[in-house]
Amino acid sequence: RDSKPVTKYGVKDKDVLLLVAKMNVYVKQGPDGKKKGPVATTSDEPVSKLKKKISKKLSIPAKDLKYLKKGKTPLSRHKRAVGQYGVKDKDVLTAKPALITVTVVTPEGKKVTIRKVDPSDPVSKLKKKVQDKTGIKPDKQILKTKKDDKPLDSDSKPVTKYGVKDKDVLKLVAKMNVYVKQGPDGK
């Protein structure tokens, strides 16, 4: 909107100018998250500064987030400009939450710690980790939240759909096959 010639700003023949674009980006947490925003940024803004803005707006510690451009390219270099990752106006960045640790209480009362659980992983993946620690096969497991006894009943849903957070405790109930033998009198 400035009508002054560029020479008034000291620009000379063959100078290279950097075009800085103002933009708004949106953020969603995890693959099933809702889009939040907008967050104002510029193409030359460092990733670290954008992370701070997003962190403040969404109340998530910046160090706990891994940003992805449309789920593909991680914005991992903090000093690099947002525009260098190809981020454009109205893009949606996915914030991948930090890994969590959960404790599982077995039917015998033994506490088993499961580390490096991605909250966006399906319940089936958590059950596989429980099997590695307990020896109980996933199809024989019923995992329940300890606080409200709610079962994690769909193996395909992400762990976060059941409200599981870092340091939560889950109860493990083992499914058992019970066979009834009838006596000679049919009972």
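Numbering starts at 1 and runs along the sequence shown. Bear in mind that the values here come from a model prediction, so they are computed numbers and not experimental data.
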request  = Quick one: closest heavy-atom pair of Tyr162 and Thr145, and the distance?
outcome  = O-CG2, 4.0 Å

message = I'd like to know if Val117 and Val105 are part of one continuous hydrophobic network [Ile/Leu/Val/Met/Phe/Trp/Tyr, side-chain heavy atoms within less than 4.5 Å].
response = no

task = Spell out, yes or no, whether Leu170 and Ile114 are grouped together once hydrophobic residues are joined by side-chain heavy atoms under 4.5 Å, including indirect joins.
result = yes

request  = Examine Val159 and Val173 and state if one hydrophobic cluster contains both, with Ile, Leu, Val, Met, Phe, Trp and Tyr joined whenever side-chain heavy atoms are less than 4.5 Å apart.
outcome  = no

message = Between Lys146 and Asp168, does any NZ, NE, NH1 or NH2 come within less than 4.0 Å of an OD or OE carboxylate oxygen?
response = no

ask   = Less than 4.5 Å apart, any side-chain heavy atom of Leu126 and any of Leu143?
value = yes

message = Measuring only between side-chain heavy atoms, which start at C-beta, is Val123 closer than 4.5 Å to Asp153?
response = no

key: Spacing of OG1 belonging to Thr101 relative to CG belonging to Asp166, to within rounding of 0.5 Å   = 5.5 Å

ask   = What's the spacing between Ile142 CD1 and Lys171 NZ if we round to 0.5 Å?
value = 11.0 Å

message = Check this for me: Lys49, atom NZ, are more than 12 non-hydrogen atoms of other residues, nucleotides or ligands nearer than 6.0 Å?
response = no

task = Enter the distance from Met23:CE to Lys88:NZ here, rounded to the nearest 0.5 Å.
result = 9.5 Å

query = Looking only at heavy atoms, which two atoms of Lys53 and Thr41 are closest? And how far apart?
reply = NZ-CA, 4.1 Å

query = How about Ser48 and Lys51: do any of their side-chain heavy atoms sit closer than 4.5 Å?
reply = no

Student check: side-chain heavy atoms of Val102 and Val169 closer than 4.5 Å = no

request  = State, to 0.1 Å, how close Ala40 and Asn24 come at their nearest heavy-atom pair, and which atoms those are.
outcome  = CA-OD1, 3.4 Å

inquiry  = Taking atom NZ as the centre, does Lys129 end up with more than 12 heavy-atom neighbours from other residues, nucleotides or ligands that are less than 6.0 angstrom away?
reply    = yes

request  = List the steps and the verdict of side chain to side chain contact (heavy atoms under 4.5 Å, CB included) for Thr42 and Glu45.
outcome  = CA-CA 5 Å; Thr42 59; Glu45 184 169 67; 3.5 Å; yes

query = Taking atom CG of Asp155 and atom CG of Asp139, what is their separation to the nearest 0.5 Å?
reply = 9.5 Å

task = Take Val87 and Val25 through the test side chain to side chain contact (heavy atoms under 4.5 Å, CB included) and record every step on the way to the result.
result = CA-CA 8 Å; Val87 176; Val25 295; 3.6 Å; yes

key: Spacing of Tyr26 atom OH and Lys36 atom NZ [to the nearest 0.5 Å]   = 14.5 Å

request  = Check the pair Gln131 / Ile136 against side chain to side chain contact (heavy atoms under 4.5 Å, CB included), numbers first and verdict last.
outcome  = CA-CA 5 Å; Gln131 178 187 12; Ile136 301 171; 6.0 Å; no

task = Taking the side chain as every heavy atom from C-beta outward, state whether Pro46 and Lys79 have any atom pair closer than 4.5 Å.
result = no

key: Value rounded to 0.5 Å, distance of NZ in Lys137 from NZ in Lys175   = 13.5 Å

Ser43 versus Val20, closest heavy-atom pair with distance = OG-CA, 3.5 Å

